[in-house]
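Here is how names work: the chains are called A, B, and so on, in the same order as the sequence lines, proteins then strands, and each is numbered from 1. Just so it is clear, the values below take in all heavy atoms, side chains as well, and ignore hydrogens, waters and symmetry mates. Because the structure is a prediction, the values reported are computed rather than measured.
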Amino acid sequence: MAYPNGCEKQGNEFCGLCCTKVEHFGVKFGSKEILHDVNLHIHCGELTAVIGPNGAGKSTLLKAILGELKHSGNLNYLDAADQNTGVPVIGYVPQHLDFDLSSPLSVMDLFAAGNSRLPAFAAHSRSLRQKAMESLARVQAEHLHDQRLGNLSGGELQRVLLALALTPIPDLLLLDEPVSGVDQPGMELFYEMVSDLRRRYDLSIILVSHDLPLMARFADRIVYLDQTVKSSGTPAQVFNDPYVTGVFGRIAVPALPKGQIIDLKDGV
Amino acid sequence: MQNWLPFEWTQYHFMLNALLAVLLVTPLFAILGTMVVNNKMAFFSDAIGHSALTGIAIGVLLGMGDPLLAMLAFSIILAIGISNVKARGRSSPDTIIGVFSSTAVALGIVILSREGGFAKYSNYLIGDLLSISVSQIMILTAVLLLVLLFWSIFFNQLLLVSVNSSLARSRGVNVRVVEIAFSIIVALVVTVSIQWVGILIINSLLVLPAAAARNIAVNMRQYHLITLLIAVISGLSGLICSYYWGTASGATIVLCASVLFILSLFGKTKSI
């Protein structure tokens, strides 16, 4: 099984010691400051949810981490031995596909474009097919391999994109409102899947989301962002922060300790 | 055999040259067209085609016998310009391209129509496939090879950019470089072929085969094969029809492609 670089060196499945450091990030569009002095430490095996009002710069932060937007400050990836391994391998699941869904693009084509040297219009090699099927199996989407992207439901599409983002297993996984436009059961299924994959592959995850109750359930840490980090900590800490409750009101945080499984047969 | 098959046209040298040119130009346009349509660049390639007028005008002002080099230089500068403004600006790409394109057309017409001499450039408007020479066919061959090389190296990156630029970035694609390189290739191909296809219809040849194939294809491989097939079939049938009807070959080819596009609507995949 493949693990993020640092964890593999440690020989420990769930080391939790690798750390992605976002240090003093700032982004400007012209003279307008979108983000300033954002500091985040993301440990592997942790799901960090970034929440905040519209226009707070949440997506901008992800684009800056990706290197798509110019920013000030540093992005450092430290492995378990605290050695700087430089730029992390990043997986990214976009908010919504900003492209024409009538494009004749199959799921396998997308994997070919992202993982193969052979052009996607050529026949796909056996090794690519195998790799893609393994990746799709992680998100229970093997059966979708020959579908056109445009034929998939919102939830299916996001699972396929998640599978692509996990090939190869990244040091840092970025999810930008991955389930906008997906129905409630699809949303929960997706987050359960992400949560489970995080444990299995010891992933560091930054997730931008509007679904606060779901984040209270699934996230290990919450960061409240509005141009800079206004509040951060466990869901209980952030959702009880007077600053945050002042904006969002009260969010119920599940009282159960994280990871505990509710057995429905016993009744609640 | 000649009595019942339409092969009379093969006796003429110019028709054979035109046939070669069609067999080079249509695949060239088909291949580029797939990603022009996917990247919603139809308006961009149209602007590049129209800007050829300014290129010709610059060539004439510089006293060049064949304005091709001036046209190439101008269209590539324009392609880079549009690409840069698009990347930086917040306004709609359509507006930016519209501004560039109409300025280029107007400037070209103003310069070329001095002393009422525009008529001798009207060939560029409708194209003249039948006057293509062997050396010009060689140039087209070289361009086709260049595009094939570009396609085999950059296609995956181009495809990822067309899906989502942040996604492409996360797979290590330098989005700006790929976008500019593709713009330059489109500008190069459009400009080199404009004399034979014609400013007014060149964009249809680029867009129609791919647009038709999108109605039928379910993956990239089919998309490419069907686009190529539609382009070559309309190229050959258009050329032969134009001979018998005595019509402009470029426009006749485009009409054939339009017919195939309409047919493709009947085979449309259910998803759309």
Novice: Between A:Leu69 and chain B, which part of the residue has a heavy atom less than 4.5 Å away: side chain, backbone, both or neither?
Specialist: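 Nothing of A:Leu69, per the 4.5 Å heavy-atom cut-off to chain B.
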Novice: Heavy-atom pairs under 4.5 Å with chain A: which of B:Gln157, B:Arg176, B:Met220 has the most?
Specialist: B:Met220
Novice: For B:Ser165, which atoms come within 4.5 Å of any heavy atom of chain A: side chain, backbone, both, or neither?
Specialist: both
Novice: Residues in salt bridge (Lys or Arg N to Asp or Glu O under 4.0 Å) with B:Arg171, at least two apart?
Specialist: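 Result, salt bridge (Lys or Arg N to Asp or Glu O under 4.0 Å) vs B:Arg171: none returned.
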Novice: Holding to salt bridge (Lys or Arg N to Asp or Glu O under 4.0 Å), I want the full list of residues that pass it with A:Asp196, two or more places apart in sequence or in another chain.
Specialist: A:Arg200
Novice: Could you tell me which portion of A:Ala123 (side chain, backbone, both or neither) has an atom closer than 4.5 angstrom to a non-hydrogen atom of chain B?
Specialist: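 Its backbone and side chain both get close to chain B.
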Novice: So, taking the atom named CG in A:Asn115 and the one named CG in B:Asn156, what distance separates them when rounded to the nearest 0.5 Å?
Specialist: 9.5 Å
Novice: Please answer whether the main-chain N or O of A:Gly52 pairs with a side-chain N or O of A:Lys58 as donor and acceptor at a distance below 3.5 Å.
Specialist: yes
